[in-house]
Trainee: 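Let me give you the structure first, and then I'll get to my questions.
All chains are named by letter (A, B, ...) in the order of the sequence lines, taking the proteins before the strands, and each is independently numbered beginning at 1.
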Protein chains: 2
Amino acid sequence: MSTDLNPIIERCRAEGLRRTKALEELITTLLESDRPMTLAELAESERLTNQCDKATVFRLLQRLADKGIVRRLGLHERAAYFALLVPGQHRDYLICTSCGSIEPINAPCPVHELEKEIQFTTGYKNLYHELEFFGTCPKCIA
Amino acid sequence: MSTDLNPIIERCRAEGLRRTKALEELITTLLESDRPMTLAELAESERLTNQCDKATVFRLLQRLADKGIVRRLGLHERAAYFALLVPGQHRDYLICTSCGSIEPINAPCPVHELEKEIQFTTGYKNLYHELEFFGTCPKCIA
DNA sequence: GTAATTGCAAATACTTTGCCACGTA
DNA sequence: TACGTGGCAAAGTATTTGCAATTAC
């Protein structure tokens, strides 16, 4: 990533977070990574392992997610989700970030072209994808 | 879902699974649900709660996932993933189901149109999406 | 000085396994 | 009969919290 540390720290400050060494190192680690990371990976990463406790990293991530500065990926409940795989059928989902409701999307999935392209350019085999939309549902807005 | 139970059971049989009451009820429950479900939801669902133990549901799901009949959603490690949220920047990922490596995708994301449409038709607010491609990477194929 | 932040340890939550009994083929 | 499957209970792993001490502002 080519983004700079300071503007992000400024956003944190604007949200009322204090500028601590742990915060700086955490943001820097995420900036240097070009992919999502787990709590364990972060806590044991070079910059953080001797800097602070895993619980601190956890709480930082929690605050940052609250403020919209990081995002926790996945279907949000702590548990794993399972779905039946019906040949020739593909489902994408719409999930309310407030009440957690999940509903299937009817619209045709616009990703298949890209999927083929990725298969071609990267050499990955057996490609499939997961696509989820998140937002606040009408009930939760009211 | 409008799909029928028997063909799926037949696929299970073809994969060497035995036709048990628990298997039938589990598949039926997943068929009746139009969204992914957690282990706990399944184990406590009407059809299964007095039918079998949670461990049984777990092992069934495990076998079915092995055979490609159900899919476990998400980034596959048991842990939660976190990513920095950079305004104006969106990332999709390509993940190897064998070695677990994650890399960002450069191609422009083809989902924004659909996202707007969903926002319009469903009344959800603050929409965003997550898109991941899964497959076997070239290294793991070799 | 005050409130946010941290470390450490303990508590939860969800997942996974061992072992022996049981049911399907 | 043979081997996949099931129940129950225990172990494993990741997340989350309590509380007193510390630090940023």
Side-chain angles (χ1 to χ4, degrees), chain A residues 5-6 8-29 36-45 47-67 69-83 100, chain B residues 6 9-29 36-45 47-67 69-83 100:
Chain A
L5 173 65
N6 278 320
I8 299 176
I9 298 284
E10 282 316 311
R11 281 206 284 149
C12 297
R13 300 287 339 273
E15 291 285 357
L17 302 191
R18 293 186 172 175
R19 177 164 202 147
T20 63
K21 196 74 184 155
L23 177 65
E24 288 184 355
E25 297 293 350
L26 173 58
I27 301 279
T28 302
T29 304
M37 296 177 74
T38 65
L39 173 59
E41 284 176 331
L42 286 164
E44 286 152 28
S45 71
R47 303 191 101 91
L48 288 167
T49 189
N50 292 315
Q51 182 61 229
C52 63
D53 193 78
K54 185 185 265 189
T56 298
V57 179
F58 171 78
R59 279 179 288 212
L60 273 175
L61 287 168
Q62 195 173 246
R63 283 174 219 143
L64 291 168
D66 268 357
K67 307 299 188 188
I69 293 166
V70 309
R71 180 173 290 161
R72 182 172 180 158
L73 276 56
L75 299 190
H76 292 200
E77 298 300 314
R78 296 214 290 214
Y81 280 81
F82 298 86
Chain B
N6 279 318
I9 298 283
E10 282 315 311
R11 280 207 284 148
C12 296
R13 301 286 339 273
E15 292 284 357
L17 302 190
R18 293 187 174 174
R19 176 165 203 147
T20 63
K21 197 72 184 157
L23 177 65
E24 288 184 355
E25 297 293 349
L26 174 57
I27 301 279
T28 303
T29 305
M37 297 178 75
T38 65
L39 173 60
E41 284 176 332
L42 287 164
E44 286 152 28
S45 71
R47 302 192 102 90
L48 289 167
T49 189
N50 292 316
Q51 182 61 228
C52 63
D53 192 77
K54 186 186 262 189
T56 299
V57 179
F58 171 78
R59 279 180 287 212
L60 273 175
L61 287 168
Q62 195 172 247
R63 284 173 218 143
L64 292 169
D66 268 357
K67 308 298 189 186
I69 294 166
V70 309
R71 181 173 288 161
R72 181 172 181 157
L73 276 55
L75 301 191
H76 291 201
E77 299 299 315
R78 296 215 291 214
Y81 280 81
F82 297 87

Trainee: Applying a 4.0 Å non-hydrogen cut-off, can you work out what B:Glu15 is touching in the nucleic acid: base, sugar-phosphate, or nothing?
Mentor: nothing
Trainee: Got a sec, which residues hit side chain to side chain contact (heavy atoms under 4.5 Å, CB included) with A:Thr56, two or more places apart in sequence or on another chain?
Mentor: A:Ala22, A:Cys52, A:Asp53, A:Leu60
Trainee: Which whole-number value in Å describes the distance from A:Leu60 CG to C:dA4 P?
Mentor: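 Answer to the nearest Å: 15 Å.
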Trainee: Just to be sure I understand the rule, does B:Ala22 reach a base, reach only the sugar-phosphate, or reach nothing, if contact means heavy atoms closer than 4.0 Å?
Mentor: sugar-phosphate
Trainee: Could you check whether any side-chain heavy atom of A:Thr38 comes within less than 4.5 Å of a side-chain heavy atom of B:Leu75, counting everything from C-beta outward?
Mentor: no
Trainee: Could you give the distance from CG (A:Leu17) to CD (A:Glu15), rounded to the nearest 0.5 Å?
Mentor: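 One finds 7.0 Å between CG of A:Leu17 and CD of A:Glu15.
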Trainee: May I have the distance from A:Asp53 (atom CG) to C:dT6 (atom P), rounded to whole angstrom?
Mentor: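 Nearest whole value for this atom pair: 10 Å.
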Trainee: Is any side-chain heavy atom of A:Leu39 closer than 4.5 Å to one of A:Lys54?
Mentor: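 In short, these two side chains touch, coming nearer than 4.5 Å.
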Trainee: Look up atom CG in A:Leu73 and atom CE in A:Met37, then write down how far apart they are to the nearest 0.5 Å.
Mentor: 13.0 Å
Trainee: Can you measure A:Tyr81 atom OH to C:dC14 atom P for me and round it to whole angstrom units?
Mentor: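 Computing the A:Tyr81:OH to C:dC14:P distance gives 11 Å.
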Trainee: Rounded to the nearest Å, what distance is computed from the CG atom of residue A:Leu23 to the P atom of nucleotide C:dT6?
Mentor: 8 Å
Trainee: Restricting to nitrogen or oxygen on both sides, can you table the protein-nucleotides 21-23 of chain C pairs closer than 3.5 Å?
Mentor:
| unit_1 | atom_1 | unit_2 | atom_2 | d |
| --- | --- | --- | --- | --- |
| C:dG23 | N2 | B:Arg18 | NH1 | 2.3 |

Trainee: With sequence neighbours excluded, what pairs up with A:Glu41 under the side-chain hydrogen bond (donor to acceptor under 3.5 Å, both in side chains) test?
Mentor: A:Arg35
Trainee: Which residues satisfy the side-chain hydrogen bond (donor to acceptor under 3.5 Å, both in side chains) test with A:Glu24, sequence neighbours excluded?
Mentor: A:Arg19
Trainee: Any base atoms under 4.0 Å from A:Arg63, or only sugar-phosphate, or nothing? Heavy atoms, all strands.
Mentor: base
Trainee: Take the protein atom CG of A:Asn50 and the nucleotide atom C1' of C:dC8, then report the distance between them rounded to whole Å.
Mentor: 16 Å
Trainee: CZ of A:Phe58 versus P of C:dC8: gap in Å, rounded?
Mentor: 18 Å
Trainee: Side chain of B:Arg78: nearest nucleotide among D:dG6, D:dT13, C:dC14?
Mentor: D:dT13
Trainee: Send over the distance from A:Leu42 CG to D:dT15 P, rounded to a whole Å.
Mentor: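 Computing the A:Leu42:CG to D:dT15:P distance gives 11 Å.
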Trainee: Heavy-atom distance under 4.5 Å between the side chains of B:Val70 and B:Leu26, does that happen here?
Mentor: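 Side chain of B:Val70 against side chain of B:Leu26, heavy atoms only: no contact under 4.5 Å found.
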Trainee: Taking any heavy-atom pair under 4.0 Å as a contact, classify A:Ala40: base, sugar-phosphate, or nothing.
Mentor: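 Counting heavy atoms under 4.0 Å across all strands, no contact is made by A:Ala40.
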Trainee: Using side-chain hydrogen bond (donor to acceptor under 3.5 Å, both in side chains) as the criterion, list what pairs up with B:Arg59, not counting sequence neighbours.
Mentor: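 If we apply the side-chain hydrogen bond (donor to acceptor under 3.5 Å, both in side chains) test to B:Arg59, skipping adjacent residues, there are no hits.
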Trainee: For B:Glu77, which contact category applies under a 4.0 Å heavy-atom criterion: base, sugar-phosphate, or nothing?
Mentor: nothing
Trainee: Nearest heavy-atom pair of A:His76 and A:Arg72: which atoms, and what distance?
Mentor: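 Nearest pair, atom of A:His76 first, then A:Arg72: NE2-O, 3.4 Å.
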Trainee: Name the pairs: protein N/O against N/O of nucleotides 18-22 of chain D, kept only if under 3.5 Å.
Mentor:
| unit_1 | atom_1 | unit_2 | atom_2 | d |
| --- | --- | --- | --- | --- |
| D:dG18 | O6 | A:Arg59 | NH1 | 3.2 |

Trainee: Tell me which nucleotide among D:dT15, C:dT17, C:dA25 gets nearest to the side chain of B:Gln62.
Mentor: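 Comparing D:dT15, C:dT17, C:dA25 against the side chain of B:Gln62, the answer is C:dT17.
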Trainee: Nearest to the B:Thr56 side chain among D:dT15, D:dG6, D:dC25, which nucleotide is it?
Mentor: D:dG6
Trainee: Check the phosphate of C:dT16 against B:Arg72, side-chain N and O only, distance under 4.0 Å to OP1 or OP2. Yes or no?
Mentor: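 For C:dT16, OP1 or OP2 has a side-chain N or O of B:Arg72 closer than 4.0 Å.
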Trainee: Nearest whole angstrom, please: distance from the P of D:dT13 to the CD of A:Glu44.
Mentor: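 Nearest whole value for this atom pair: 13 Å.
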Trainee: Return the 5'-most residue of the pair B:Gly16, B:Phe82 with respect to DNA chain D, ranking by each residue's nearest nucleotide.
Mentor: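 In this pair, the answer is B:Gly16.
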